[in-house]
Protein chains: 2
Amino acid sequence: MADGQPRVRTRIQARNRAVILAAALKVFADHGRRGATLDMIGEEAGLSKPNILYYFAGKEAIYEDLLTGLLDTWLDPLRALDPGGDPMTEILGYVRAKLDLSRRLPLESRLFATEIVQGAPLIGTNLRGELRELVADRAKVIEGWAEAGRIAPVDGRHLIMSIWALTQHYADFGVQVAAVLDDADPWDAAAMHLDTLFTRMLQV
Amino acid sequence: MADGQPRVRTRIQARNRAVILAAALKVFADHGRRGATLDMIGEEAGLSKPNILYYFAGKEAIYEDLLTGLLDTWLDPLRALDPGGDPMTEILGYVRAKLDLSRRLPLESRLFATEIVQGAPLIGTNLRGELRELVADRAKVIEGWAEAGRIAPVDGRHLIMSIWALTQHYADFGVQVAAVLDDADPWDAAAMHLDTLFTRMLQV
DNA sequence: CGTGACTTTTACCGCTTGGTCAAATCGAGA
DNA sequence: TCTCGATTTGACCAAGCGGTAAAAGTCACG
């Protein structure tokens, strides 16, 4: 077993693969898919370039590993939206969960953002597959609530995308947010602002 | 006058500089600052690599030219927001203008987005300068309207950022939007959705 | 139509970068 | 402690890239 992706058996392999992925996440988020170099990742991880290539088949393989693992994390809160729950509670809960994700995992958010902005060359099929279906399903649920008069009328898919746009903005465009807000911590005010926004928009 | 940026005198210079900038916009938006190569730009422009370097001092110079010219275009609609106008009309007008900008100039929007997501290495100072001041000023106007009871209470700066996030989303994350909406044209529905969203949020 | 400036091309350079390879080193079990 | 597989390193390539130099070609104008 000389290269490629060895079976994760030993402690060292588990640890070093994790270290490399963490380092790569930072470097890819900061410099983009192409701007990142194996040397940068190596320095961040404290490993030499050939050593990194002992654990991963190549730079692209690291990027792919990172991204495919990410989509699930990203969609989990939307999966958790309960059709049987109280509409306003469920939607506001989703907004908060998504905002929390941006606050806790800003690097992941930015990595995802760059991939999408540049046309999703890698996860395009996933977008048209599981993402599309999940959104269609949840949009139906939301529009069912609207038709039942439990929330104001709304386009479910555009509502979901609005939630994405508003929550991810605070992570993806963090430097701009910081500039506008004079480096004050944005998160508490953001939570209140989005709470107000969606409450007013959806209350009957 | 052998290289660098020759004075734009001749027709050929004006035309070729424009052609190069247009080509570079597309390539930078698709591949990012680092992923773009002079050969790609050359192919897109129909010019050879050395010929491009006859008109621009280097790859970075093209990128800078593109970005610095962009910020003004991007902020113009916010400047046009009239403190003396009707609050709801002004804000909804700004939303529509910004959405229209995203629809008409998606490449520019994506170029701007990548720059910000990766930390705004080039225009960071502009963000903390003119952008910060303009937003602070307009936020004051909006909050004045709110205090006068002409619109619902709202954090002016977060409202402005919300407008940015929601409108730019349709351009920056275009492939994701297309995947979710099954490639249907998103713009009309987006305009209605955002109109509804901000009307409900701001009406007293 | 000739001339000097403007424009384009061909050939090339040096550096960076992803990746390879073989040798050296380490580490856990017999 | 010995051994063999797992891990790490140093030396090295080949390709891609930004950029340069100088010659060749083109254009406007007297």
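Numbers restart at 1 for each chain; the letters A, B, ... are given by sequence-line order, proteins then strands.
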field: Separation of D:dC13 P from A:L38 CG (nearest whole Å)
entry: 20 Å
task: Hey, can you tell me if B:H158 and A:H193 have their rings parallel, tilted or perpendicular (30° and 60° cut-offs)?
output: tilted
message: Looking at A:A36, is its backbone amide N or carbonyl O close enough to the side chain of A:K59 to form a donor-acceptor pair, meaning the two atoms are under 3.5 Å apart?
response: yes
- prompt: Rounded to the nearest Å, what distance is computed from the NE2 atom of residue A:H31 to the P atom of nucleotide C:dG18?
  reply: 12 Å
query: From the list C:dT9, D:dG19, D:dT9, which nucleotide is the closest neighbour of the side chain of A:N51?
result: D:dT9
query: Between atom OH in B:Y55 and atom C1' in C:dT9, what is the gap in whole Å?
result: 13 Å
- request: Whole angstrom is fine here: how far is it from CD1 in A:I41 over to C1' in C:dG18?
  value: 11 Å
- prompt: Can you check the A:E43 CD to C:dG18 P distance for me, whole Å?
  reply: 14 Å
message: Measuring to OP1 and OP2 of D:dA6, would you say a side-chain N or O of A:Q13 lies under 4.0 angstrom away?
response: no
message: Of the options D:dT7, C:dT20, C:dT16, whose atoms approach the side-chain atoms of A:I12 most closely?
response: D:dT7
task: Please determine if a side-chain N or O atom of B:S48 lies less than 4.0 Å away from the OP1 or OP2 oxygen of C:dT8.
output: no
message: Side chain of A:L53 only, heavy atoms from C-beta on: which candidate in D:dG10, C:dG19, D:dG18 is closest?
response: C:dG19
query: Does any N or O in the side chain of A:R138 come within less than 3.5 Å of the main-chain N or O of A:L78, such that one atom is a donor and the other an acceptor?
result: yes
Whole-Å distance separating the NZ atom of B:K49 from the C1' atom of D:dC17: 6 Å
Residues B:D183, A:R128; criterion salt bridge (charged side-chain N to carboxylate O under 4.0 Å, His left out); working and verdict: CA-CA 10 Å; B:D183 299 301; A:R128 294 178 173 277; 3.0 Å; yes
task: Could you check how far CG of B:N16 sits from P of D:dT26, rounded to whole Å?
output: 15 Å
message: Categorize A:R34 for me: base, sugar-phosphate, or nothing, with a 4.0 angstrom heavy-atom threshold over every strand shown.
response: sugar-phosphate
field: B:Y54 OH - D:dT26 C1' separation (whole Å)
entry: 12 Å
- request: Find the distance between CG (B:D172) and OG1 (B:T114) and round it off to the nearest 0.5 Å.
  value: 8.5 Å
- prompt: Which sits closer to the 5' end of DNA chain D, A:L47 or B:K59, going by the nucleotide each is nearest to?
  reply: A:L47
